[in-house]
Student: 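The structure's right below; bear with me while I get my questions together.
Positions are given from 1 along the sequence.
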Amino acid sequence: MSEPVTRLTPVRSTLSAAEARRVALAAQGFGRARPAAAGTRQLNGALARMSTLQIDSVNVFARSHYMPLFSRLGAYDTATLDRLLFERRGPYVEYWAHMAAFIPATDWGLFDFRMRAMRAKYGSKPGGWFDANRDIVDWVRAELADRGPLRPAEIEHDAKTAARGPWWDWDVVKHALEHLWLFGEVAIAGRRGFERRYALAEQVIPREVLDAPVAREDAILELVRRAARAYGVATAADIADYWRIADRKAITAALDDLVDAGELQPVNVEGWTTAGRPAKAWLHADAAVPRRIDAAAILTPFDPVVWFRDRAERLFDFEYRIEIYTPAPKRRYGYYSLPVLIGDDIVGRVDLKADRAASTLLVQSAWWEHGKPAHAAARLADELRLAANWQGLESLSVSRWGDAVEDLARALPEAARHDAGPAEPVPLAPDEPAGSGARGPVPLASTG
């Protein structure tokens, strides 16, 4: 897929915008050829490069946590990933990392500082929900201790029939479970369908991990190190967003320590500015600049390549907003449009929907961005065929909405055509908020 790479020398202090794009994509695994077959080893390798895998509930085409692996590895058996992610004592567990996300179970202690902050904010306020419902919390905790991992529906309490609160219509049991999860007392012991099973942390997390919390300063240093490696080249804002760490002083101190250790070097990226001035950026010592990247991929909105919208604009001049919450008549691109990566640039977006009843992948809309190469439609058509096959869909249909649909229809002569406009929302999983990737009472600026 990619030509040999050149390593940056310590004296190099400037990257072009194109070089920065290639550094970022290579760090995320897009400089590698897709394997002939993707199994456990390949999935673990991709997860290791990202360090975390964000969760989201929208299932119009495929659930978001399946998509980054498909984008990097091609078609794979999602049941293999399910075994890695959902086993009770498997190698991965859920926590509030980059919002709700999967992390290696061995990283649980890295987020002890966040668990303490969550308890201080939500568990100690006199008169707050947690304080006012301690009897219910204690009862829920005892139920998990006595009965082991449980879904919220399996935990009955008289107060469940009381008025529900504002957090996505959760009842008191769900509130208690989510608080205890944020505080680190409870862990997720897999899912049934997409519904979580909750357990006491000691029923899920290895004892040696629970007994080894990482001090806040050391944890932030390690998380900054991992974010810098995963991004290749990044600003402090990029690094902070990777783990949603609001303490910019701690981020700056960690960056300084990593520069002193020779793991990072300051670098200027042409075109990257802040308030009209060149933006400060850092390059990881292991970063490589491929002479060329020839990727083709459809990305989820919650892929690290685009999940921080400011970074997506800097890297790709790509303005991206999810239109789930936009009233249908006002949508510009579609309900859940997915960025299209061709070569080393984002060149378009497609709004996909899996019509399971008709076994058809629907292209609800398709749009081009600036700078698309001449072969973009053919490359995207191949990705759509692969996506349909991956999802077990037998056919494709292209709508008539968007400036790329006619190009796609010509590149997909086997596809049917259909009329489509801004679609209305589809039903969500029973315990998930729409499209946020977040399931907890936590403002983003207050997570660490």
Student: Looking only at heavy atoms, what is the nearest atom pair of Ala27 and Ala230, with distance?
Tutor: CB-O, 3.4 Å
Student: So, Lys174 and Asp171, do they make that salt bridge, N to O below 4.0 Å?
Tutor: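 Salt bridge: no.
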Student: Under a 3.5 Å cutoff, is there a donor and acceptor pairing between the side chains of Ser397 and His418?
Tutor: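 Yes, side-chain donor-acceptor contact under 3.5 Å.
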Student: Does the distance from a Lys or Arg side-chain N to an Asp or Glu carboxylate O, for Asp257 and Arg225, drop under 4.0 Å?
Tutor: no
Student: Should Tyr333 and Thr326 count as side-chain neighbours, where that means a heavy-atom distance under 4.5 Å?
Tutor: no
Student: Hey, are Thr80 and Arg83 close enough side-chain-wise for a donor-acceptor pair under 3.5 Å?
Tutor: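 Indeed, the side chains of Arg83 and Thr80 share at least one donor-acceptor pair under 3.5 Å.
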Student: Is the shortest side-chain N to carboxylate O distance from Glu154 to Arg147 below 4.0 Å?
Tutor: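 Not counted as a salt bridge, because no side-chain N and carboxylate O are separated by less than 4.0 Å.
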Student: Using atom types as modelled and distance alone, determine if a side-chain donor or acceptor of Thr52 lies under 3.5 Å from a backbone N or O of Phe102.
Tutor: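 Yes; at least one donor-acceptor contact below 3.5 Å.
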Student: Looking at every heavy atom in both Ala176 and Val137, which two are closest together, and how far apart are they?
Tutor: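 Where Ala176 meets Val137 most closely, the heavy atoms are CB-CG2, 4.0 Å.
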Student: Using the ring of Phe194 (Phe, Tyr or Trp, six-membered ring only), decide whether Arg191 places NZ or CZ under 6.0 Å from its centre and within 45 degrees of its axis.
Tutor: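 Here Arg191 passes the 6.0 Å and 45° test against Phe194.
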Student: Just by modelled atom types, is the Leu223 backbone N or O under 3.5 Å from a matching donor or acceptor in the Trp243 side chain?
Tutor: yes
Student: Is the count of non-hydrogen atoms from other residues, nucleotides or ligands lying under 6.0 Å from Arg321 atom CZ greater than 12?
Tutor: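 Yes, because the 6.0 Å sphere around CZ of Arg321 holds more than 12 heavy atoms from other groups.
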Student: For Arg89, I'd like to know if atom CZ has over 12 heavy atoms of other residues, nucleotides or ligands within 6.0 Å.
Tutor: yes
Student: Side chains of Pro35 and Leu73: does their closest heavy-atom pair fall under 4.5 Å?
Tutor: yes
Student: Less than 4.5 Å apart, any side-chain heavy atom of Arg34 and any of Arg72?
Tutor: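 No, every pair of side-chain atoms sits at 4.5 Å or beyond.
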Student: Under 3.5 Å, is there a donor on one side chain and an acceptor on the other for Tyr122 and Asp131?
Tutor: no
Student: Please find the pair of heavy atoms, one from Ser64 and one from Tyr336, that lie closest to each other, and give the distance.
Tutor: CB-OH, 4.2 Å
Student: Would you find a donor on one side and an acceptor on the other, under 3.5 Å apart, between the side chain of Asp241 and the backbone of Arg244?
Tutor: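 No, the answer is negative, given that no donor and acceptor are paired below the 3.5 Å cut-off.
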Student: Would you check if the side chain of Arg151 reaches a backbone N or O of Arg197 as a donor-acceptor pair within less than 3.5 Å?
Tutor: no
Student: Using a 3.5 Å distance criterion without hydrogens, assess whether the side chain of Asp344 forms a donor-acceptor pair with backbone atoms of Arg22.
Tutor: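 The answer is no, because no donor-acceptor pair under 3.5 Å joins these two groups.
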Student: Please tell me if the side chains of Val224 and Leu221 come closer than 4.5 Å, counting only heavy atoms from C-beta onward.
Tutor: no
Student: Is there a side-chain contact between Leu85 and His65 (heavy atoms, below 4.5 Å)?
Tutor: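 Leu85 vs His65: side chains touch.
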Student: CG/Leu362 to CG/Leu352 distance, rounded to the nearest 0.5 angstrom?
Tutor: 9.0 Å
Student: State, to 0.1 Å, how close Ser51 and Pro104 come at their nearest heavy-atom pair, and which atoms those are.
Tutor: O-CD, 3.8 Å
Student: Are any side-chain N or O atoms of His98 and backbone N or O atoms of Tyr242, one a donor and one an acceptor, separated by less than 3.5 Å?
Tutor: yes
Student: Does Tyr231 have Arg311 sitting over its ring (NZ/CZ under 6.0 Å from centre, angle to axis within 45°)?
Tutor: yes
Student: Has the side chain of Arg63 got a donor or acceptor atom that lies under 3.5 Å from a matching backbone atom of Ser57?
Tutor: yes
Student: With Met118, which of Lys121, Met115, Arg114 fulfils side chain to side chain contact (heavy atoms under 4.5 Å, CB included)?
Tutor: Arg114
Student: Judged by modelled atom types alone, do Trp367 and Ser365 share a side-chain donor-acceptor pair under 3.5 Å?
Tutor: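 Per modelled atom types, Trp367 and Ser365 side chains form a pair under 3.5 Å.
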Student: Within the side chain of Asn133, is there an N or O that forms a donor-acceptor pair under 3.5 Å with the backbone of Trp129?
Tutor: yes
Student: Give the C-alpha distance, both sets of side-chain angles, the deciding distance and a yes or no for salt bridge (charged side-chain N to carboxylate O under 4.0 Å, His left out) between Arg226 and Asp107.
Tutor: CA-CA 12 Å; Arg226 295 187 188 189; Asp107 286 352; 2.5 Å; yes
Student: Cut-off 3.5 Å, no hydrogens considered: what does the side-chain donor-acceptor table look like for residues 201-208, sequence neighbours left out?
Tutor:
{"from": "Gln203", "atom 1": "OE1", "to": "Leu200", "atom 2": "N", "distance (Å)": "2.9"}
{"from": "Gln203", "atom 1": "NE2", "to": "Leu144", "atom 2": "O", "distance (Å)": "3.1"}
{"from": "Arg207", "atom 1": "NH1", "to": "Asp211", "atom 2": "OD1", "distance (Å)": "3.2"}

Student: Taking all atoms of both residues into account, what is the closest heavy-atom pair of Pro301 and Tyr320, and its distance?
Tutor: CG-OH, 3.0 Å
Student: Quick check: closest heavy atoms across Ala354 and Phe61, and the distance to 0.1 Å?
Tutor: CB-O, 3.9 Å
Student: Using distance alone, with no hydrogens and no angle criterion, decide if His179 and Glu185 have a side-chain donor and acceptor under 3.5 Å apart.
Tutor: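 Judged by distance alone, the side chains do not pair up.
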Student: When you check the gap from the basic side-chain N to the acidic O, do Arg314 and Asp238 get nearer than 4.0 Å?
Tutor: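 Judged by the 4.0 Å cut-off on N to carboxylate O distance, Arg314 and Asp238 do form a salt bridge.
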Student: Under the 3.5 angstrom rule, does the side chain of Glu323 hit a backbone N or O of Gly334 as a donor-acceptor pair?
Tutor: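 A pair under 3.5 Å: yes.
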Student: Answer yes or no: is there an ion pair linking Glu94 with Arg196, defined by an N-O contact shorter than 4.0 Å?
Tutor: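 Result for this pair is yes, salt bridge flagged.
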Student: Is the distance from the ring center of Trp181 to that of Tyr198 below 6.0 Å?
Tutor: no
Student: Keeping the roles fixed (side chain from Asp355, backbone from Ser359), state whether a donor-acceptor pair exists under 3.5 Å.
Tutor: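 It does not hold such a pair.
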Student: Around Arg116, counting heavy atoms of other residues, nucleotides and ligands shown, do more than 12 lie under 6.0 Å from its CZ?
Tutor: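 Check fails, neighbour count at 12 or below.
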Student: Closer than 4.0 angstrom, basic N to acidic O: yes or no for Arg216 and Asp112?
Tutor: no
Student: Would you call Pro266 and Lys280 a side-chain contact if the rule is heavy atoms closer than 4.5 Å?
Tutor: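 Pro266 does not reach Lys280 side chain to side chain.
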Student: Are any non-hydrogen side-chain atoms of Leu177 and Val173 less than 4.5 angstrom apart?
Tutor: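 Yes, their side chains come closer than 4.5 Å.
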Student: Are Asp345 and Leu341 side-chain neighbours, meaning at least one heavy-atom pair lies under 4.5 Å?
Tutor: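 No, their side chains stay 4.5 Å or more apart.
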Student: Using a 3.5 Å cut-off and no angle test, enumerate the donor-acceptor pairs between side-chain atoms of residues 40-48 and protein atoms at least two apart in sequence or in another chain.
Tutor:
{"from": "Gln42", "atom 1": "OE1", "to": "Gly39", "atom 2": "N", "distance (Å)": "2.8"}
{"from": "Asn44", "atom 1": "OD1", "to": "Tyr92", "atom 2": "OH", "distance (Å)": "2.7"}
{"from": "Asn44", "atom 1": "ND2", "to": "Thr40", "atom 2": "O", "distance (Å)": "3.3"}

Student: Would you say the ring centers of Trp96 and Phe111 fall short of 6.0 Å from each other?
Tutor: no
